[in-house]
There are 2 protein chains.
Amino acid sequence: MTITHPPKPGTAHWIYAHPRRGSLNDRLFQAGTEELAIRYDVATSDLNAQGFDPVLGERDLGDLAAKPGNIAVLAGEAYAENQLPADIRAEQAKIAAAELVVVQFPLWWYGMPAILKGWFDRVLTAGFAYGDDDPEHGVPRRYGDGGLTGRRALVVVTAGDDAGTLGPRGISGDLESLLFPLTHGILWYVGIETLDLHVVHDADTLDAAAVDHEIARLRKRLHTVGTETPIRFRRLRDGDYRETRALRADLYPGRTDLGIHVVPAPRDPDPAPR
Amino acid sequence: MTITHPPKPGTAHWIYAHPRRGSLNDRLFQAGTEELAIRYDVATSDLNAQGFDPVLGERDLGDLAAKPGNIAVLAGEAYAENQLPADIRAEQAKIAAAELVVVQFPLWWYGMPAILKGWFDRVLTAGFAYGDDDPEHGVPRRYGDGGLTGRRALVVVTAGDDAGTLGPRGISGDLESLLFPLTHGILWYVGIETLDLHVVHDADTLDAAAVDHEIARLRKRLHTVGTETPIRFRRLRDGDYRETRALRADLYPGRTDLGIHVVPAPRDPDPAPR
């Protein structure tokens with residue numbers, strides 16, 4: 001396991017995206033960061049409050065903006081030459097220090113609000129978060145071994161839909177699949193393991209007692225984030241994928257759902273007789 | 001089929017998100033809009049060039065910003081009271097007029113760039129794009145019958161990954177699943193049918209001849225957008241979903257992939273003997 005940025009033990013980074021003070025998300029954020037601060041040094045990114053600009057563009061490139069070429073490649077060069085804007089470098093420092101990352105947002109149009117998506121677009125540059133070759137294994141450093149390896153993440157998401165609508169075979173798609181681009185495509189890509197999602201359903205219609213219950217439930221969940229078993233996505237370098245980057249035909253034959261990218265739970269090595 | 005905003009025949013709206021002039025996406029955008037203009041009146045939203053602000057926030061609410069409550073609900077009220085910002089009303093007018101919508105972007109972190117995600121966050125408000133009850137069928141107007149029913153969309157996406165990586169069982173997840181939140185969660189939700197994705201793979205490493213080929217391929221694709229059969233996602237009101245909003249147990253029993261939300265292709269009613 002090659003780590004580019006070793007995390008500082010006992011340090012957390014809570015990335016939060018909701019525009020309204022007094023909202024359910026605001027209350028969860030206030031209570032959650034308070035609870036987490038009992039066990040961790042907590043840095044926060046309150047993106048709306050900070051006025052974070054989520055649009056990756058020429059100003060991310062410093063002097064390199066004059067060069068032609070792919071913007072993601074140039075942003076990696078800007079990182080290497082320390083030309084990224086100061087706000088981006090500050091965000092990189094927060095996540096680089098953290099061993100625990102919390103990502104909290106309301107589900108808008110079945111994904112992240114733009115301000116949060118753009119945080120990843122701008123902050124997780126090449127060089128910083130992914131892209132070096134791993135000389136030991138001969139594969140690119142991504143999917144389980146990026147620049148942020150050695151961290152775990154908790155995704156806290158509120159949704160107006162109920163659990164059936166967002167559950168297996170639900171009309172909106174199951175939430176694990178809808179957020180696969182975040183949990184696998186972003187977090188796992190750069191080496192961060194994610195825990196099971198922390199979901200608040202029916203978020204627009206909770207009464208006061210239900211909100212209190214959800215706050216208590218989040219506080220309780222935060223007690224176990226250090227000891228839970230993360231989702232075991234497959235590592236690129238473990239040989240589960242063929243040269244084409246498709247999953248080996250003998251693993252989950254015939255299946256095409258996104259769940260095939262999770263390693264099956266280990267069988268009990270010595271099962272009790274039934 | 002209840003239509004809130006009848007489209008104007010022969011009108012298209014091309015929504016485009018890429019920050020760099022001279023990029024592959026820029027060339028596809030220039031050629032594509034030129035080609036489409038032969039058959040359609042084409043309005044464009046060049047989001048980076050316009051400096052579009054993708055962050056849904058208090059300023060979207062007009063006088064309603066002083067009210068507590070859910071921001072999506074309040075944005076719907078702001079729409080009804082004609083208090084949305086002028087730039088949002090202009091975008092709504094463009095998509096409301098179009099019978100064909102093109103959405104073009106580079107795949108960043110396995111999803112849309114923030115500036116495009118935020119276009120949907122801000123423009124597709126309640127009242128305008130979804131949310132009225134359908135008195136005839138007794139279900140909410142969403143998933144096949146929103147405020148923008150009667151339109152079709154072509155999603156044009158460039159990806160650095162190759163076709164295997166983004167194909168069925170590919171390590172990054174198949175692109176149809178990764179973009180399900182866009183094609184189904186956004187477009188179909190508000191009533192817009194989508195055509196098969198138009199994908200440019202290996203987008204960061206194409207040589208000049210390959211770029212020319214991709215430009216020609218897009219021009220050719222645009223000849224058929226009016227006659228292709230769209231993806232047949234299931235309509236909420238057609239009875240395929242139970243009260244829980246989970247797909248009926250007799251439809252694709254046992255499957256949990258997102259493909260279950262597509263109606264199976266009709267069988268040939270009178271198949272020829274083999």
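A note on names: the letters A, B, ... follow the listed sequences, proteins ahead of strands, and every chain is numbered from 1. Just so it is clear, the values below take in all heavy atoms, side chains as well, and ignore hydrogens, waters and symmetry mates.
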Which atoms of [X] approach chain A - backbone, side chain, both or neither, heavy atom under 4.5 Å:
| X | answer |
| --- | --- |
| B:R248 | backbone |
| B:L258 | side chain |
| B:N48 | side chain |
| B:P68 | backbone |
| B:L124 | both |
| B:F233 | neither |

When rounded to the nearest 0.5 angstrom, what is the spacing between [atom1] in [X] and [atom2] in [Y]?
| X | Y | atom1 | atom2 | result |
| --- | --- | --- | --- | --- |
| B:R20 | A:N70 | CZ | CG | 9.0 Å |
| B:R245 | A:D161 | CZ | CG | 9.5 Å |
| A:I171 | B:H184 | CD1 | NE2 | 5.5 Å |

Most contacts with chain B, counted as non-hydrogen pairs under 4.5 angstrom, among [options]:
| options | value |
| --- | --- |
| A:I186, A:I115, A:T244 | A:I186 |
| A:D121, A:V55, A:D257 | A:D121 |
| A:G167, A:S23, A:P54, A:G118 | A:P54 |
| A:R122, A:R242, A:R21, A:E58 | A:E58 |

For chain A, which residues of residues 103-110 of chain B have heavy atoms nearer than 4.5 angstrom |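 Within residues 103-110 of chain B, the residues under 4.5 Å from chain A are B:W108, B:W109, B:Y110.
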Distance-only donor-acceptor check, side chains B:T165 and A:Y241, under 3.5 Å = no
Can a donor-acceptor pair be found between the side chains of B:Y143 and A:S172 at a distance below 3.5 Å?
-> yes
Say whether, by atom type as modelled, one donor and one acceptor occur between the side chain of B:H261 and the main chain of A:R169 under 3.5 angstrom.
-> no
Between B:K117 (side chain) and A:K117 (backbone), is there a donor-acceptor pair under 3.5 Å?
-> no
Could you pull out the closest heavy-atom pair between B:P168 and A:T256, with the gap in Å?
->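 Nearest pair, atom of B:P168 first, then A:T256: CB-CG2, 4.5 Å.
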Contact residues of residues 173-183 of chain A (partner chain B; heavy-atom separation under 4.5 angstrom) |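 Against chain B, the residues of residues 173-183 of chain A that fall inside the cut-off (heavy atoms, under 4.5 Å) are A:G173, A:D174, A:S177, A:L178, A:F180, A:P181.
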Give the member of B:L247, B:D162, B:L24 that has the highest number of heavy-atom pairs under 4.5 Å with chain A.
-> B:L247
Interchain contact, A:A203 with chain B, by part (heavy-atom threshold 4.5 Å) =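 Neither part, no heavy atoms under 4.5 Å.
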Where does A:L166 contact chain B at under 4.5 Å (heavy atoms): side chain, backbone, both or neither?
-> neither
Find out whether B:P19 and A:L56 are in side-chain contact, i.e. whether some heavy atom of one side chain is under 4.5 Å from a heavy atom of the other.
->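 The answer is no; the side chains never approach within 4.5 Å.
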